[in-house]
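These notes concern the structure reproduced below.
In this chain, residues are counted from 1 in sequence order. Both counts, for ligands and for their atoms, begin at 1 and track the order of listing. Just so you know, these numbers come straight off a predicted model, no measurement behind them.
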Amino acid sequence: MTRFLRPGKRQVKHMRPRELRTKIFLDGGNPFETWDIISRLGFLDGQTTNPTLISKNPDAAERLRRGERFSGDEVMAFYRHVVKEISGLIPEGSVSIEVYADRSTPAESMLAQARDMFGWIPNGHIKFPVNREGLKAAARAVKERMRVNMTLCFSQEQAAAVYAATAGARRGTVYVSPFVGRLDDRGVNGMDLIGNILTMYGAGDGHVQVLTASVRKLEHLLEAIRLGSDIVTAPYEVLKAWADGGMAMPGPDFRYPVENLAPIPYREIDIRRPWETYDIRHELTDKGMERFSADWNGLITKRAA
Ligand code: E4P
């Protein structure tokens, strides 16, 4: 497998803007992109991966092009290798690793994967879906002192359930990832969900950090910074465009272009109820799990899947 250059071989042009409070993550499965973005920005606070992104890693894609696939064990070894490469490039940052979960995966199976994956690197956050089994697994994982990133979040009520299921965890150990781009695709303003969750969490103890995900354009990144999202993860092209533009910050004149997206109204939700009492169903969470599991299974030979 490919080995990559270490940061510092290319001259760093920029440094983190002094007024930037939001952590900047790269969303991707290719360590070369990690190296390249560090070289362009001069810093990187973390990285998120998912099964789709790993299936697009150039080594994996090349293997599929040759008509070869992985066995179940090989694909895990490949994911571990990629994650270790990324982790070595950002040892002070966080690297999110996603468990395999389709709609019938029980919490016990997610937890068993999480225990293994958490041992891959010293700076991992384990991604669980915001469905009932994923929340059950996360509640146990934080008690075992694992760091978690709750993914495929599409509603304020799901974010409330994440807060409640992980109550008692230390700050920085729990992320919630609302997917703004996939909400935009449905004609609603995904960035409203970020603002609504931040407001709702304002009444809490700060143990869950909001990680703006499914970023598709520079304006998503700038609006996440303007709103005060704790973290934003963005694909290579978006971070490259931001770096090429001198890492401009959203100034007082910045207006997020809502275009014709419908607003998502804020709801008063008590975040201190038992997590099982929230209505966490969302069609996009189910669809997202289907897509992630299909992309993962696409890497594996039928016999070994
Ligand atoms: C990151 O954690 C998410 O998996 C990612 O941002 C999803 O992005 P997409 O909606 O473009 O697939």
Side-chain angles (χ1 to χ4, degrees), residues 22-30 33-34 37 44-57 60-61 79 82-83 86-87 90 93-102 110 114 117 121 123-131 134 138 147-155 158-159 162 174-191 193-194 197 208-221 223-225 229-242 261 282-296 298:
T22 298
K23 287 186 176 172
I24 305 295
F25 284 17
L26 171 67
D27 199 19
N30 176 359
E33 290 182 353
T34 315
I37 288 298
L44 185 64
D45 298 309
Q47 179 148 349
T48 46
T49 68
N50 68 38
T52 304
L53 294 168
I54 293 300
S55 72
K56 290 183 182 157
N57 170 289
Y79 195 6
V82 169
V83 159
I86 294 168
S87 168
I90 39 173
S94 152
V95 183
S96 285
I97 314 167
E98 187 154 343
V99 298
Y100 173 90
D102 58 34
M110 293 190 209
M117 289 167 159
I121 51 172
N123 53 345
H125 272 76
I126 302 299
K127 288 172 90 178
F128 297 104
V130 190
N131 70 346
R147 291 174 295 271
V148 304
N149 175 356
M150 302 307 294
T151 192
L152 291 164
C153 174
F154 294 96
S155 76
Q158 287 179 325
V162 167
V174 182
Y175 301 156
V176 64
S177 292
F179 276 35
V180 296
R182 295 194 197 184
L183 284 167
D184 288 3
D185 293 343
R186 287 288 180 101
V188 290
N189 182 7
M191 293 311 302
L193 179 61
I194 302 298
I197 296 172
V208 185
Q209 295 185 308
V210 178
L211 190 164
T212 302
S214 186
V215 161
R216 306 272 169 77
K217 52 188 182 184
L218 189 56
E219 288 82 0
H220 279 146
L221 179 87
E223 180 67 350
I225 294 171
S229 181
D230 300 285
I231 305 162
V232 56
T233 190
Y236 175 80
E237 291 303 338
V238 172
L239 290 186
K240 181 174 176 297
W242 189 52
L261 298 172
H282 202 290
E283 193 201 340
L284 289 179
T285 304
D286 294 341
K287 277 193 181 314
M289 288 170 70
E290 267 167 31
R291 191 169 125 197
F292 283 154
S293 51
D295 286 338
W296 191 247

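No hydrogens or angles considered: nothing links the side chains of Ser96 and Gln47 as a donor-acceptor pair under 3.5 Å.
When each of Val95, Asn30, Ile121 is checked for a side chain to side chain contact (heavy atoms under 4.5 Å, CB included) with Ile86, only Val95 meets the rule.
Annotation: salt bridge (Lys or Arg N to Asp or Glu O under 4.0 Å) contacts of Asp102 (sequence neighbours excluded): none.
For the atom pair CG (Leu239) and CG (Leu44), the distance works out to 7.0 Å, reported to the nearest 0.5 Å.
Judged by a 6.0 Å distance limit and a 45° cone about the ring axis, Arg182 is positioned over the six-membered ring of Phe292.
Sorted by chain then number, the residues whose non-hydrogen atoms approach ligand 1 to under 4.0 Å are Asp27, Thr48, Asn50, Lys127, Phe179, Arg182, Ala213, Ser214, Arg216, Arg291, Phe292.
Ring geometry for Tyr175 against His125 counts as parallel: the plane angle stays under 30°, on a 0 to 90° scale with 60° as the upper cut.
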